[in-house]
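This report refers to the structure that appears directly beneath it.
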Amino acid sequence: MGKVFICDHPLIQHKLTFIRDVNTKTKDFRDYVDEVATLMAYEITRNIPLEKVKVRTPVSDADGKIISGRMLGLIPILRAGLGMVDGILKLLPAAKVGHIGLYRDPETLQPVEYYVKLPTDVTERELIVIDPMLATGGSANASIQLLKERGCNQIKLMCLIAAPEGVKAVQEEHPDIDIYVAAIDDRLDEHGYIIPGLGDAGDRLFGTK
Ligand SMILES: O=P(O)(O)OC[C@H]1O[C@H](OP(=O)(O)OP(=O)(O)O)[C@H](O)[C@@H]1O
Ligand SMILES: O=c1cc[nH]c(=O)[nH]1
Ligand SMILES: [Mg+2]
């Protein structure tokens, strides 16, 4: 079973509260999402291996450690996943970015695919699928499935807010995937929105409503 990590650092929780707030306007919403994505990238990379190196300081030799040979890929689920990309790239600038375009049909709540563009070496990379919202889990599951069908086998999922239903759905369909979230909320409403959640992440990021 994949693990679920709740990124409960005070800075993340503080900023998430402003992200939730209905009075937070588009620009501030976007800035907070960007900042939380950076902080979550810090958490998700906590255990990546280091390699010993020698380094010369201005006064002597020193033992240093560097991250080396990691091939990372960020896979935002469009649209809302785009809001987290730059924040993660601030800490992981060498990562390549692949895009999966999905929207959730408002009636069936099923994901509908409309765009896929992945790095050519995607199968060699450790991938982080990014989406602010994990609601029914349909979009995350479809994205992970699509990546696995193309031969990817090192995949993590990073979301701001998850519903328990979405976590369960990913764990059942993809038990090999670890999930990183800033919060797990109460439930889904009858339209598949996370309660209390933050509303429609894509609309709030891009000002489309
Ligand atoms: O877990 P699920 O039930 O699949 O719901 C979550 C999906 O819904 C939202 O996208 P949306 O379909 O609103 O598209 P958008 O990002 O273009 O607004 C969100 O960004 C997720 O991708
Ligand atoms: O609460 C939700 C659920 C799905 N998509 C969103 O943007 N918000
Ligand atoms: Mg949306």
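Hydrogens, waters and symmetry mates play no part in the numbers below; they use all other heavy atoms, side chains included. Ligands are counted one by one from 1 in listed order, and the atoms in each one are counted from 1 as well. These numbers were taken from a predicted model, which means no experiment stands behind them.
Tracing side-chain contacts under 4.5 Å through hydrophobic residues (I, L, V, M, F, W, Y), one reaches L82 starting from L91; they form part of the same cluster.
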- Query: salt bridge (Lys or Arg N to Asp or Glu O under 4.0 Å) between K90 and D86: does it pass, once the steps are laid out?
  - Reply: CA-CA 6 Å; K90 275 178 203 147; D86 287 350; over 6 Å; no
- salt bridge (Lys or Arg N to Asp or Glu O under 4.0 Å) evaluation trace for K54 with D63: CA-CA 5 Å; K54 294 279 181 202; D63 294 325; 2.5 Å; yes
- Residues D31, K25; criterion salt bridge (Lys or Arg N to Asp or Glu O under 4.0 Å); working and verdict: CA-CA 10 Å; D31 288 348; K25 299 280 187 294; over 6 Å; no
- Query: Please walk me through it: do R79 and D131 pass salt bridge (Lys or Arg N to Asp or Glu O under 4.0 Å)?
  - Reply: CA-CA 9 Å; R79 289 175 298 169; D131 195 324; over 6 Å; no
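Residue side and main chain included, D200 places an N/O/S atom under 2.8 Å of the Mg ion (ligand 3).
The cationic group of R30 does not satisfy the cation-pi geometry with F18, failing either the under 6.0 Å distance to the six-membered ring centre or the 45° limit from the ring axis.
Closer than 4.0 angstrom to ligand 1 lie heavy atoms from L78, R79, A80, Y103, R104, D131, M133, L134, A135, T136, G137, G138, S139, D200, G202. Each of R104, M133, A135, G192, Y193, I194, G199, D200, A201 has a non-hydrogen atom positioned under 4.0 Å from some atom of ligand 2.
Between V36 and M84 there is no side-chain heavy-atom pair separated by less than 4.5 Å.
Proximity of a side-chain donor or acceptor of N141 to a complementary backbone N or O of A169 within less than 3.5 Å is detected.
Each side chain to side chain donor-acceptor pair (under 3.5 Å) pair with one or both residues in residues 154-169, not counting sequence neighbours, appears once here: K168-E172.
Here R204 pairs with nothing under the salt bridge (charged side-chain N to carboxylate O under 4.0 Å, His left out) rule; sequence neighbours left out.
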